[in-house]
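Input: a single structure, listed below in structure tokens.
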Amino acid sequence: MRFLLIICLLCVQQTIANTPFWGKTGHRVVGEVAEQHLNRRTQRKIAKLLDGQSLALVANYADDIKSDDRFKEFGPWHYVNFPFGKKYGEETPSEYGDIVVAIEKCIAIIKDKEASKADRAFYLKLLVHFMGDLHQPMHVGRAEDKGGNDIQVRWFNKGTNLHRLWDSDMIDFYGMSYTELATNLPVYSKAQKKAIVSGDLLDWVDETRQITKKVYASVEIGEKLGYRYMYDHFDLVRSQLEKGGLRLAEILNELF
Ligand code: ADE
Ligand code: ZN
Ligand code: ZN
């Protein structure tokens, strides 16, 4: 009996340890980059709506509520899966929603003059989070392996999976705090920043999706990964974090 109990506890612990999300640091970096690109008016309006909380502080709220059954409906809002060879929208959308529908819904409610302050703040916090997820290539993934969650690999000799590698393993290995990382992202010129924020949500989905394909092709099942993988891929993590932040700021500056 006691043996069974221990097995159960280990299983629960594994499930918690494997809960998929762009790690906390990644989401905070996206919030911090966005914060630095808000115009004065937007800063003021957001400070009022969030009672002075920073975007970095609220960036993980959408993950924090995952374990609360009252917020179950928001679970599928963190990602979208569709087959290679298709574009987003060519497949019948999930009845439970996906990250694209989620971002559009957040924008609609923040815009809505009739919506309560509580609702607008709630959906703003979700938007900050989902714009981060949208730039994690495995959140625009393939259904059959749950966005890489079922692709087991080894990271510095510890078991992980392709999804978690891109959510958090690489970022955690880099060892910077979110503020350090936010000030050490790729430096783009004004023209480059303008190009990054141009286009619409579906263009950004397509762009992430091109990266998703490369990420799937970057590992073999069970492969032992370490320094070489960091060297080959961490610049891409850094540019995705910067793009996520710039595009979040673009949406917010337009909204407020
Ligand atoms: N669950 C199923 N697919 C997923 C994905 N692409 N990202 C995160 N969680 C998932
Ligand atoms: Zn994730
Ligand atoms: Zn998420």
Side-chain angles (χ1 to χ4, degrees), residues 14-31 34 55-68 71-84 86-88 91-106 122-153 155 160-173 178 201 204-219 233 236-237 240-241 244-245 247-248:
Q14 261 318 94
T15 309
I16 293 168
N18 286 333
T19 303
F21 43 76
W22 218 179
K24 286 187 189 302
T25 305
H27 281 289
R28 287 179 182 137
V29 170
V30 170
L55 297 185
L57 191 80
V58 303
N60 289 296
Y61 177 72
D63 279 334
D64 298 340
I65 60 176
K66 269 184 177 168
S67 57
D68 187 330
F71 299 104
K72 234 187 168 84
E73 64 185 287
F74 301 106
W77 288 28
H78 294 248
Y79 57 88
V80 61
N81 293 319
F82 50 97
F84 282 150
K86 297 257 177 184
K87 277 192 136 188
Y88 175 83
E91 284 277 292
T92 323
S94 162
E95 60 178 306
Y96 304 110
D98 61 48
I99 190 166
V100 179
V101 178
I103 289 172
E104 284 167 350
K105 167 111 185 179
C106 292
F122 176 82
Y123 285 94
L124 173 57
K125 292 193 255 182
L126 296 195
L127 178 63
V128 174
H129 181 89
F130 296 148
M131 282 304 291
D133 278 343
L134 186 71
H135 289 79
Q136 202 289 49
M138 304 319 287
H139 278 243
V140 186
R142 252 182 352 203
E144 57 264 39
D145 49 60
K146 301 191 192 75
N149 274 298
D150 292 343
I151 299 177
Q152 305 298 321
V153 290
W155 181 244
T160 187
N161 63 62
L162 185 58
H163 189 103
R164 183 136 49 107
L165 183 63
W166 280 78
D167 263 354
S168 52
D169 289 331
M170 279 193 283
I171 293 177
D172 293 346
F173 177 78
Y178 85 85
L201 185 55
W204 303 339
V205 173
D206 285 347
E207 188 199 81
T208 298
R209 182 64 168 193
Q210 298 309 314
I211 299 169
T212 308
K213 289 181 191 159
K214 289 187 197 147
V215 172
Y216 271 113
S218 71
V219 300
H233 297 93
L236 187 52
V237 172
Q240 285 303 100
L241 293 170
R247 289 169 177 166
L248 172 59

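Atoms within a ligand are numbered from 1 in the order they appear, just like the ligands themselves.
Residue contacts to the Zn ion (ligand 3): His78 brings an N, O or S atom closer than 2.8 Å. Within the coordination shell of the Zn ion (ligand 2), defined by N, O or S atoms under 2.8 Å, Asp167 is present. Using a cut-off of 2.8 Å, one finds that Asp63 contributes no N/O/S atom close to the Zn ion (ligand 3). Taking 2.8 Å as the criterion, His129 counts as a coordinating residue of the Zn ion (ligand 3), since one of its N, O or S atoms falls below it.
Closest to atom 7 (N) of ligand 1 by heavy atom, among His78, Glu144, His163, Lys146, is His163.
The minimum distance between the Zn ion (ligand 3) and any N, O or S atom of Asp133 involves atom OD2. When you scan the N, O or S atoms of His163 for the one nearest the Zn ion (ligand 2), you land on NE2.
Aromatic ring orientation, His163 versus His139: tilted (interplanar angle from 30° to 60°). The aromatic rings of Tyr123 and Trp77 sit tilted, their planes meeting at an angle between 30° and 60°.
For Asn81, every heavy-atom contact with ligand 1 shorter than 4.0 Å involves the side chain, none the backbone.
In this structure, Arg142 does not count as a contact residue of ligand 1, since none of its heavy atoms falls inside 4.0 Å of the ligand.
Remark: ligand 1 and Met138 share an N or O pair separated by less than 3.5 Å (distance only, no angle test).
The existence of a salt bridge linking Asp172 and Lys24 is excluded, since no basic side-chain nitrogen approaches an acidic carboxylate oxygen closer than 4.0 Å.
Separation of atoms CZ (Arg247) and CD1 (Ile103) is listed at 11.0 Å; rounding is to 0.5 Å. One finds the CZ atom of Phe122 at 4.0 Å from the CZ atom of Phe74 (value rounded to the nearest 0.5 Å).
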For a side-chain contact (heavy atoms from CB on, under 4.5 Å) check, start with the C-alpha distance between Arg142 and Asn81, then their side-chain angles and the critical distance, and finish with the verdict. CA-CA 5 Å; Arg142 252 182 352 203; Asn81 293 319; 5.6 Å; no

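A distance-only check finds a donor-acceptor pair linking the side chain of Arg209 to the backbone of Val140 [under 3.5 Å].
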